[in-house]
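Atom set for the values below is all heavy atoms of this structure, side chains included, hydrogens, waters and symmetry mates excluded.
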Amino acid sequence: MPHPELADERAHLQLARVCLEQMRARTASKVDRAEILAANEADAEAVRWQLQRRLASFDDESTVLCFGRIDEEHGPVFYIGRRHIEDERGAPMVVDWRADVATPFYRATLSDPMGLHRRRRFVFSGRDLSDIFEEDFDDPDSLAGSGGVPDPLLAELGRARTGQMRDIVATIQHEQDVIIRAPLERCIVVQGGPGTGKTAVGLHRAAFLLYEHRRVLARDGVLVVGPNPLFLSYIAQVLPSLGETSATQATVDQLLGMRFRIVAIDDEPTARVKGDARMATLIERACDAAIQPPDDDVQMRVRGRTVRVPAVEVHELIAAMRKRDAPFSVQRIRFREQLIRRVHVLVSGGEPSALEDTEFASAVLAEAANRQVIDRCWRAVNAATLVRSLLTQRATLARAAGGLLTDDEQALVLRARPKRGEAEPWTIADLPLLDEAEAQVKGAPRRYGHLVVDEAQDLSPMQLRMLARRAIHHSMTVLGDLAQATAPAAATSWTTVLDHFGRPANADVNELSIGYRLPGAILDFANRLLPEAAPEVVAAASVRETGDPPDIRRFAAAELVTQSAQHVVLLAEDFATTAVVTPLALLDDMRAAIADAGGDVAGPDEDALTHRITVLPAALAKGLEFDAVLVLEPGAIVAESDHGVRLLFVALTRAVQHLAIAHATPLPPALS
């Protein structure tokens, strides 16, 4: 039997839709007005822009607006949804899920009902309310409308996937909500195994903070950092679906824009050295090398006479400027100003005025010989030139790296200079070095009110420094899984990550231990790798007890690719999204074989997530999910990297319904 109040709840939701349309109409009428009262035209344009943004927020007809209701003990009833909806008198019809009053909807339990008498979770078929899952905190054993009514969480977990991640606003769980609603001033590190909802938590935290601190974050912004463009494409619609379109999304290497073109690739040992935190000290030493305190008195020619500044005074000026908390270039400017001022005092015999100082400085700097004297004491530094010199000049590197990098490490870092007309062979691992140099020379880059950093376990110490300097007061949400750390300079612990952030006092580490996405049989199978992949990581446990164990198929080596391709095409007929996670060596062959078998698969230059079948290496699969996944030749995935077991762990944890394994060589012992 359906819930006895199903018709009443349908009527309320329909009325809420009517009220939303009325809100839209009122906003549209304001936008259409020719006159907007404001102090000036610029203010009028700002008001108009805000009204247009508000109007656009009413246009999403594709999602369910309200997904539940809470009844307070001896208090009011609140409907919880994606956005605030009010009637013409201003009374709330639906409360935004981020409002304080909505917190019990996500956190109330039988042991702590948080003042609730009842909670209802709505079950939908499309956009139509089909039934109600009810929890009566006064009578825990009664579930009105049970008898076939699914738990909305389990119903959501069992749905077919698309090529893009969806929000989880209707099914946020208690441990997730605690992180989402953490204060803005916190640096939250989240360790979570596959399927625990790390990415969703980070994005919903961004949406919550944009709601709770809109004025501050409208000014300072929110930056979401992902591991690669494919991942960003996958999560691109989550924040817009929650009504937030102002956050910036980028990969780490995109933070420097298009100023440095990546044209080369480092091998793993080289990338590991370049990512080491010692490189920051190396760059600092290279800056210091631009300062050469004179052995003799400094002489300057001013207005027909030569003025001497004792060497000891120049040394004191340099030391004083270096103690200043300012970028290297600013310190140099202040040194130059103070040196010229000292010359002026010697010439005038007294303390000149500021105007006199300015005019005198212009006269001093007009002489090329004087500029050369200053440069010999403290040379100007260009960040890109400094890094280029370290990477291409053996003597320059050796001076900066003495006692810091071994001879072998220096040999890894060094590369040949490009020939005339060739592009500078910058690599991805060079970008944090360039960013570090720019920060030391010119000062911090643009900083954001909050950063969400996903797959953070793969970031090198230099990349972590790069991100930390972009977060105001270290306001960050840092997400990752140490068991999936596969990059050359990947993190070994979250304590180490926080060390590279500067050990912020506002930091704490949280752990998500419940797996929601993966069926238990698949997660248990993948967890067999954890003792070798990451023995210190606690295995996540799945709430999804249903599901079949992996379908393991062995083929002859000559038939592996063609047989696997044919099987994948069949899987794609039964599942909405299907992926093949393959060793790099078989990537092109597998893609071609699927196309030959008639499968809808992306070409090498296409968006892989827009086709029914996606073929990708394990390193690019992190954070993605598909209904069905075929993992090709697990042994080869393990063999292709020092972190191969972790890459295989990633590959085995992408499927939310069906996992297949195809191999010709023996499986790793833990999976046999």
Side-chain angles (χ1 to χ4, degrees), residues 3-24 54 57-58 60 63-124 127-140 142-145 149 151-153 156 167-178 180-182 204-205 207-214 241-244:
H3 192 283
E5 296 185 25
L6 180 62
D8 293 338
E9 298 292 34
R10 283 175 174 166
H12 182 89
L13 297 187
Q14 181 58 39
L15 179 57
R17 282 279 179 188
V18 172
C19 291
L20 180 63
E21 183 55 37
Q22 291 172 345
M23 292 170 65
R24 185 190 190 287
R54 177 171 169 78
S57 72
F58 292 110
D60 186 6
T63 54
V64 172
L65 287 177
C66 179
F67 38 79
R69 161 183 156 176
I70 51 177
D71 299 14
E72 293 185 353
E73 192 81 47
H74 310 300
V77 171
F78 295 103
Y79 287 84
I80 311 301
R82 293 178 176 277
R83 60 165 304 128
H84 173 80
I85 301 176
E86 61 188 37
D87 63 18
E88 58 187 7
R89 297 168 298 177
M93 298 293 293
V94 178
V95 174
D96 192 298
W97 66 277
R98 295 168 289 189
D100 287 343
V101 73
T103 302
F105 180 78
Y106 298 108
R107 296 196 194 176
T109 63
L110 294 177
S111 60
D112 181 14
M114 298 183 69
L116 296 189
H117 159 63
R118 176 168 51 199
R119 172 170 54 200
R120 288 177 175 175
R121 302 182 191 270
F122 296 155
V123 181
F124 290 86
R127 284 178 52 192
D128 296 326
L129 180 62
S130 58
D131 217 326
I132 300 167
F133 186 88
E134 182 163 307
E135 298 160 282
D136 187 338
F137 292 102
D138 296 330
D139 184 9
S142 69
L143 286 177
V149 177
D151 183 326
L153 170 64
E156 169 67 12
D167 64 70
I168 61 165
V169 64
T171 57
I172 293 169
Q173 299 301 292
H174 183 282
E175 66 172 1
Q176 297 171 330
D177 190 66
V178 171
I180 289 169
R181 296 176 190 266
H204 286 68
R205 175 156 164 71
F208 171 78
L209 292 176
L210 284 165
Y211 171 87
E212 189 79 357
H213 305 277
R214 186 160 304 279
S241 74
L242 297 172
E244 302 297 346

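With rounding to the nearest 0.5 Å, the separation of CG in Leu13 from CG in Asp8 is 11.0 Å. Here CZ of Phe208 is found 9.0 Å from CD1 of Ile180. Values are rounded to the nearest 0.5 Å. Taking CD of Glu9 as the reference point, atom CG of Asp131 lies at 11.0 Å (rounded to 0.5 Å). From His3, atom NE2 reaches atom CZ of Arg10 across 12.5 Å, with rounding to the nearest 0.5 Å. To the nearest 0.5 Å, the span separating CD1 on Ile85 from CE on Met93 amounts to 8.0 Å. Here the CG-CZ distance, from Asp100 to Arg181, works out to 7.0 Å after rounding to the nearest 0.5 Å.
The two residues Leu110 and Phe137 make their nearest non-hydrogen contact at CD2-CD2, 3.8 Å. Minimum interatomic distance between Val94 and Ile80 (heavy atoms only, all atoms of both residues): CG1-C, 4.0 Å. Here the closest heavy-atom approach between residue Pro113 and residue Ala108 is recorded as O-CB, 3.4 Å. Listed here is the closest heavy atom pair of Asp96 and Ala102: O-CB, 3.9 Å. Between Phe105 and Gly68, the shortest heavy-atom distance links the atoms CE1-CA, 3.7 Å. Heavy atoms only, all atoms of each residue included: Leu209 and Ala182 are closest at CD2-O, 3.9 Å.
Stacking of Arg119 on the aromatic ring of Tyr106 is not recorded, the 6.0 Å distance cut-off and the 45° axial limit not both being met.
Paired with Glu244 under the rule salt bridge (Lys or Arg N to Asp or Glu O under 4.0 Å), one option of Arg83, Arg98, Arg205 passes, and it is Arg98.
When side chains are defined from C-beta on, Ile168 counts as touching Gln176, because their heavy atoms get closer than 4.5 Å. Counting heavy atoms from C-beta on, the side chains of Leu116 and Glu72 come closer than 4.5 Å. In this structure the side chain of Tyr211 never reaches within 4.5 angstrom of the side chain of Trp97, judged on heavy atoms. Within the 4.5 Å cutoff, no side-chain heavy atoms of Leu20 are placed close to those of Arg24. Considering only heavy atoms from C-beta on, Val123 stays 4.5 Å or farther from Arg121 through its side chain.
Judged by distance alone, the side chain of Gln173 and the main-chain N or O of Thr171 form a donor-acceptor pair under 3.5 Å. With hydrogens and angles disregarded, a donor-acceptor distance shorter than 3.5 Å links the side chain of Arg82 to the backbone of Val64.
Considering only residues two or more places apart in sequence or on other chains, His12 meets the ring-ring contact (aromatic ring centres under 6.0 Å, His included) condition with Tyr79.
A donor-acceptor contact closer than 3.5 angstrom links the side chains of Asp138 and His117.
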Next item on the list: Assess whether side-chain contact (heavy atoms from CB on, under 4.5 Å) is satisfied between Glu5 and Glu134, documenting all intermediate values.
Entry: CA-CA 11 Å; Glu5 296 185 25; Glu134 182 163 307; over 6 Å; no
